[in-house]
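These notes concern the structure reproduced below.
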Amino acid sequence: MAIYRPSIGQMIGREFFSRSPLECSRELIGSILRWGNFSGRIVETEAYDGEDDPACHTFFRTSARVFVATHEAGVAYVYLNYGIHWMFNVLVKGRRSGFVLIRALDPQTGIEAMRVNRKRTALTPLTHLCSGPGKLTQALGIQGGDHGRDLCSDPCYSFYSGPPPKVLQQCPRIGISTAMDYPWRFVAAESPHLSVRPAIMPLP
DNA sequence: TTCGTGATAGAG
DNA sequence: TCTATCACGAAG
């Protein structure tokens, strides 16, 4: 796998996302998502492979295949799930194309506004603000209008390289009903901001 | 454990 | 048109 780790604080460019979903998912752990006045460190992602992954939208949605074909790597793929929750993904197009689902953030800036968006009080633990894909979109105000937004051209809506995780753990994806054995979820295992703590994986 | 909620796609 | 499905979260 190609290693791409720009120096800390550098805006992540389109070439980062011009790689496979697994590479991008893994290396986004520890990076910073800036979204307007909000920012957070990415501590949990999942990879969805657009070619032979039954859990990926491209597998069962024509519109997703059209989206991949008509957009550049590094744009947002946002959709509503269960009629309630917006899911925030990034389109990646390398040797393989697909999506990276951003599942949890460690909030850095805009925390009070996140609490307002989440309709939570100051008593709510910080670790509950963005610990899940639906929670983080609500906290940052990400909605359907952001579908297709380019995340590689506007410094206010971009990813920035950050300190690498202390313990990068790879484990099975959660919340899906097919292809559940693919270990395509990545977490910063030391973070208290995860949606679900992964089981301790036995050594190979 | 249950339930709310809406876009999507495929069947009829 | 109708219906099943869905990468979730909160309340109880």
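Chain letters run A, B, ... following the sequence lines, proteins first, then strands; residues in each count from 1. Computed from a prediction, not measured in an experiment: that's the story for all the values here.
- Within the 4.0 angstrom heavy-atom criterion, base atoms lie near Tyr79(A).
- Between Phe67(A) and Phe99(A), the ring planes lie tilted relative to each other; the angle falls in the 30° to 60° range.
- By the 6.0 Å and 45° rule, Arg103(A) does not stack over the aromatic ring of Phe186(A).
- Rounded to whole Å, the separation between the P atoms of dG12(B) and dT5(C) comes to 14 Å.
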Under 3.5 Å, which N/O atoms of the protein pair with N/O atoms of nucleotides 9-12 of chain C?
residue	atom	partner	partner atom	Å
dG9(C)	OP1	Pro133(A)	N	3.3
dG9(C)	OP1	Gly134(A)	N	2.9
dG9(C)	OP1	Lys135(A)	N	3.3
dG9(C)	O4'	His85(A)	NE2	3.2
dA10(C)	OP1	Arg118(A)	NH1	2.9
dA10(C)	OP1	Arg118(A)	NH2	3.3
dA10(C)	OP1	Arg120(A)	NH2	3.2

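- Summarising the local packing, CG of Asn37(A) is surrounded by 12 or fewer heavy atoms from other residues, nucleotides or ligands at distances under 6.0 Å.
- In this entry dT5(B) has no Watson-Crick or G-U wobble partner, no candidate having both defining distances under 3.5 Å.
- dA9(B) atom C1' lies 12 Å from atom NE2 of His57(A), rounded to whole Å.
- A cation-pi geometry, defined here as NZ or CZ lying under 6.0 Å from the six-membered ring centre and within 45° of its normal, holds between Arg149(A) and Trp35(A).
- Ring centers of Phe16(A) and Phe159(A): at least 6.0 Å apart, outside the cut-off.
- With centroids closer than 5.5 Å and planes inclined by less than 30 degrees as the test, Tyr48(A) and the base of dA7(C) pass as a stacked pair.
- Remark: Ser177(A) is in phosphate contact with dC6(C), judged by side-chain N or O atoms under 4.0 Å from OP1 or OP2.
- For the residue pair Ser39(A) and Arg34(A), no side-chain donor N or O sits within less than 3.5 Å of a side-chain acceptor on the partner.
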